[in-house]
Amino acid sequence: MDALWNADETCRHMGKSMGNKNDSAVKRHQSHWLQHLPRVWGAVAIATWLLLSLILPARAESKSLQWLRLDSDITVQSNGDLRVSETNVIRFTSGTFSYGYRDIDRSRLTDITDITVSENGQPLRTETSRTDKGELRIQYFFAPASAEERTFVLAYTVRGATRYYATGDQVYWAGVYAARNGFPVLNARLSVTLPPGATAVMAGAYGPPHTFKGEGENVVIAEATAPIASGEGFEIRVQFPHGIISGDAPPWQATFDQQREYEEIVKPRNDLLFLLATLVVLFGGPALAVVLWFTIGRDPHVDRITDYLNEPPAGLSPGLCGVLLDEKADMQDIIATLIDLARRGMIVIKEGSDHGLFDQTFARGPNFPYNEFKTARRRSRYQGASDTPAPELALHEWALLDALGLDALPKRALSAFQDSFYTYIPAIKEALYQQLVNQAYYHNSPVQSRRLYQNVAKLLLYGAIAWALLCVIWLWQIADTAILFSIALAASSLAFRLVARAMPVRTRQGAEAKMRAEAFRRYLQNIEKYTDVKAATALYERYLPFAIAFGLDHTWTQKFAAASAPAPAWYVPLPGGTWRWSSRDEDTATSHHVPVSGNATPAAAPSKDDLTIAVAQPSPVTLEGVNQQLAQSLASLNSKLVDMFSAVGHTFDSHPPPESVTAFRDTVSDIGDALGEWLSSSSSGSSDHASSTRSSGTTSRSTGSSWSGGGSRSGGSSGGGGGGFG
């Protein structure tokens, strides 16, 4: 409090020095309130204690009772009416009670009349009303009861509860109702007295363990031998010969019998049919997918040619090799194609750009097919073919060069492709697939083959979802097992989804080419096992695109960096310096331009300004020479090259999120903020709702063959409902 007082004094003096008298008065008021803060908290604590002292005794004085007995005696009248007498023996153990009530379900009867409630032969005041569930509520009032035992007898006449059948009339009544506010009934007895001349042809009781007598007699009695928990009922059912009592079947009987027949005969049959259909689809769908793969989804058998090959399969570019192996055109196949074009002198990759030192620049190489671009553009203008490739380039190579846009600009920064290059990727991938078809390695495009079976999987999945929704809305009434059919459809969808990956089929030529590509991959992966790496450093640049396509670029570069291999001619690192364009072939060490393919004439080399390099060195670039002239080598470029491959892949594949995703993200963020504020300013609790389950103990005595109207289980009785005291 001293610290608060000092702070207040400081504020007060500052207010005076500023000439603000109002602020000074406010500060003095705050200081006065802070001085009395302990007293305020003390008063709050005392008030809380007094409130709790008043509430806790009231809570401790909760009402409770023991339901010692609930007996129901049903007498069948000659006109079919039932006179029901319910005897309730109650021991009130705590609290004060002044009324009781009985709720009677009216769904399987037509009317209730002549209601009386008495205690020790004296009538009690009663009131009738309707509950929210449409039940008839009989409420009766008695002298306050506390810590004593009392007996109440409720009697009433039920019309339209007796069931009429040609094979025998029936009384089916719930003598002990299930809803009793959590109080068990310790003892219970149910009795049915038939009219003169009638005997019980069939009789049964449902609910707790019980004894039973009276079959073949005029009076049937069932008595519980164990307490009946709240939530559990006790029902009695008696059938006697038709024609003894007068009257007709009540209006609700036909509908009820139809529903009972449906639930006990038709619905189980539907359950069986849906279960069989589920099993057929559950096992048949995946089996069909496997059969399709086995019959039309496997490559022709080709024996293993050799353990390894030191050259790639003829006619296969690096990107095509990668797709042929895993049947999937991905980013590493695109990057392999890019580096292969650079190795062939069509493009050059320079470290750094106008946007920063950590960027890269793509520029035209000395063999860039500039004239072919002009010819293709001119041809497409007049013929309407926008994807006509240059004859010297494969489809995917043309698509990649077209995406780089170096025909329009002499050089472009890698960062310029951020969030834009992804629009070209589908066309490049499609060109890779189509090129494999054109070269007779596949009958159909692998992506189209996969898409066919993926679409089948989607249809099955959509069918599973639609069927599940249909079950929730309607089919649950027809069969409980109907929902299982959606699970079978989903399982079949998953099977076709998995098989779709293996459905592209190579031709025999394609299978042989794949075998050779795998042998070549093993060679690249274990080159130190088959070749002296230090003596074959020229292989690094030549086979680097294939290593990228095979996912071996990191280890491939590490192995040749350790062997002092020459740095790639197509990569210009920082700091800049003189460089040269050359091809490194195992049979020559001369420097020359690399032709694109066949006898094509190379395009004119770009100017020095376009490439920012000078062709000056006639000798091969070795590790020693690079160290002397540029302080760069493959060893020092190792991590840079690998990082460059990663950066290119990340940039090419980057794309901005859709507007819908951005809007959804903002909406979720706003909802999260609002929810956080609400949680921080309020608290909530939860309460458990206790419930009891119904037991299914059944005893049935019969001198006949079956119940009139069907049914052999509990449920479907008249009466029922609930009751209690308050």
Side-chain angles (χ1 to χ4, degrees), residues 316-344 346-347 349 353 359-363 368-369 373 376 380 385-390 393-409 411-439 441-442 444-452 454-455 500-501 504 545-551 553 642-662:
L316 274 178
S317 66
L320 293 181
C321 263
V323 179
L324 187 64
L325 282 183
D326 59 11
E327 297 181 331
K328 182 179 179 182
D330 47 31
M331 186 55 64
Q332 67 185 32
D333 300 320
I334 296 175
I335 297 175
T337 302
L338 176 71
I339 301 305
D340 187 51
L341 292 173
R343 185 189 66 83
R344 290 155 58 188
M346 297 187 190
I347 61 175
I349 303 175
S353 72
D359 203 357
Q360 280 87 30
T361 298
F362 298 136
F368 183 80
F373 264 98
S380 65
S386 59
D387 58 347
T388 303
L393 293 170
L395 289 175
H396 60 288
E397 295 170 344
W398 171 262
L400 179 55
L401 285 176
D402 188 45
L404 293 176
L406 295 179
D407 60 318
L409 296 173
K411 60 181 179 178
R412 296 189 69 184
L414 175 63
S415 57
F417 297 104
Q418 184 76 28
D419 295 340
S420 62
F421 190 89
Y422 75 95
T423 58
Y424 294 93
I425 291 179
I428 298 173
K429 290 183 176 181
E430 189 64 34
L432 281 164
Y433 293 128
Q434 188 59 45
Q435 187 65 35
L436 287 172
V437 175
N438 292 349
Q439 294 183 210
Y441 294 127
Y442 283 91
N444 299 298
S445 170
V447 68
Q448 292 178 357
S449 299
R450 282 194 297 267
R451 192 174 296 148
L452 172 63
Q454 287 171 351
N455 289 337
R501 304 175 183 177
F546 291 94
I548 295 173
F550 296 150
D553 50 296
V642 174
D643 291 343
M644 185 268 289
F645 300 150
S646 177
V648 170
H650 178 75
T651 302
F652 281 3
D653 201 33
S654 64
H655 54 275
E659 294 182 0
S660 58
V661 174
T662 303

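If you're wondering where the values come from, they're calculated on a predicted model, not measured in any experiment.
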Any non-hydrogen side-chain atom of Val648 less than 4.5 Å from a side-chain atom of Ile334?
no

Donor-acceptor under 3.5 Å ([X] side chain, [Y] main chain):
X	Y	answer
Asp340	Ala336	no
Gln360	Leu414	no
Thr651	Gln418	no

Nearest heavy atoms of [X] and [Y], plus distance in Å:
X	Y	answer
Ala399	Ala431	CB-CB, 4.3 Å
Val437	Ser445	CG2-N, 3.6 Å
Val323	Leu436	CG1-CD1, 3.5 Å
Pro504	Ser449	CA-CB, 3.9 Å
Phe546	Ser317	CE2-C, 3.9 Å
Met644	Ile349	CE-CD1, 4.3 Å

In Å, rounded to the nearest 0.5 Å, how long is the span from [atom1] of [X] to [atom2] of [Y]?
X	Y	atom1	atom2	answer
Met346	Leu404	CE	CG	12.0 Å
Asp407	Leu401	CG	CG	9.0 Å
Gln454	Arg501	CD	CZ	9.0 Å
Gln332	Phe550	CD	CZ	10.0 Å
Asn455	Arg450	CG	CZ	12.5 Å
Glu430	Ile428	CD	CD1	12.0 Å

Inter- and intrachain pairs under salt bridge (Lys or Arg N to Asp or Glu O under 4.0 Å), touching residues 325-334, at least two apart:
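Checked against salt bridge (Lys or Arg N to Asp or Glu O under 4.0 Å) - neighbours excluded - the pairs reaching residues 325-334 are Glu327-Arg506.
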
Is the number of heavy atoms from other residues, nucleotides or ligands within 6.0 Å of OH (Tyr422) greater than 12?
yes

For Phe417 and Phe421, take the angle between the two ring planes, folded into 0 to 90°, and tell me which bin it lands in: parallel under 30, tilted 30 to 60, perpendicular over 60.
perpendicular

Test side-chain contact (heavy atoms from CB on, under 4.5 Å) on Leu320 and His396 and set out the steps.
CA-CA 9 Å; Leu320 293 181; His396 60 288; 3.7 Å; yes

Using the test side-chain contact (heavy atoms from CB on, under 4.5 Å), find all partners of Ser415 that sit at least two apart in sequence or belong to another chain.
His355, Asp359, Ala413

